[in-house]
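Quick notes on the structure that follows.
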Amino acid sequence: MKIYDENWNELAQPDLELGWLESAQRLAVHHKAVPETPAEYGWEVLKGTEGLRPGGLRQRVVVTPAVPAREAWDEYEECQIYHPYTAEELAERAKPDLEERLAAVEGAMLELLLGGSTDG
């Protein structure tokens, strides 16, 4: 799946530490409307019938098949849009989460209780 920036420039490897991805669709191809076209017919001589009458027996055959009318339609590709984080979002992400904070408090408490480093 292709990844684009906000200006629709393709990105090879966006840094997900500095931004996030959003699912999207991009117009790939616009197909024009096709008017209806009737079939065109011709005549073909049946093999082996040349002696039955001059020029042989003929049968009607389709030279060009009919084409049904078709409305115009668009074809889309699935893609992703890369949005860089704002300075505020980056600052918020740099803060330790609850698990990290609890682990730090637990380590500090153990160090105080045991009277030394818990690193071993």
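Quick note: numbers below take in every heavy atom, side chains included, and nothing from hydrogens, waters or symmetry partners. Keep in mind it's a predicted model, so treat the numbers as computed, not measured.
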Residues sharing L16's hydrophobic cluster, by side-chain heavy-atom contacts under 4.5 Å among ILVMFWY, directly or via others? I3, L11, L18, W20, L21, Y82, Y85, L90

Tell me every residue that passes ring-ring contact (aromatic ring centres under 6.0 Å, His included) with W73, counting only those two or more places apart in sequence or in another chain. H31

Heavy-atom neighbours of E100 CD exceed 12 at 6.0 Å: yes

Suppose clustering is done on Ile, Leu, Val, Met, Phe, Trp and Tyr with side-chain heavy atoms closer than 4.5 Å. Which residues sit in the same group as Y4? W8, I81

So which residues get pulled into L27's cluster when ILVMFWY side chains under 4.5 Å apart are joined, directly or through others? Y76

For atom CZ of R58, is the number of surrounding heavy atoms from other residues, nucleotides or ligands below 6.0 Å larger than 12? no

Verify the neighbour count for atom CD of E75: are there more than 12 heavy atoms of other residues, nucleotides or ligands below 6.0 Å? yes

Can you list the other members of the hydrophobic cluster that holds L52, where links are side-chain heavy atoms under 4.5 angstrom apart? L46, L57

Partner set under salt bridge (Lys or Arg N to Asp or Glu O under 4.0 Å) for E10, not counting sequence neighbours: none

E78-Q25 side chain donor-acceptor pair, cut-off 3.5 Å: yes

Suppose we screen for side chain to side chain contact (heavy atoms under 4.5 Å, CB included). Which residues come up paired with V105, at least two apart in sequence or across chains? M109

What closest approach, in Å, do P68 and A66 show between heavy atoms, and which atom pair accounts for it? CD-O, 4.0 Å

In this structure, CD of E44 is separated from NZ of K47 (nearest 0.5 Å) by 8.0 Å

Report the residues that fulfil side chain to side chain contact (heavy atoms under 4.5 Å, CB included) with V63, sequence neighbours left out, ordered by chain and then residue number. none

Partners of D15 by side chain to side chain donor-acceptor pair (under 3.5 Å), sequence neighbours excluded? none

Partner residues of E106 under the side chain to side chain donor-acceptor pair (under 3.5 Å) criterion, sequence neighbours left out: none

Can you sort out the partners of E89 under side chain to side chain donor-acceptor pair (under 3.5 Å), two or more places apart, ordered by chain and number? T86

Check step by step if side-chain contact (heavy atoms from CB on, under 4.5 Å) holds for V61 and Y41. CA-CA 6 Å; V61 293; Y41 297 93; over 6 Å; no

With N9, which residues qualify under side chain to side chain donor-acceptor pair (under 3.5 Å), at least two apart? D5

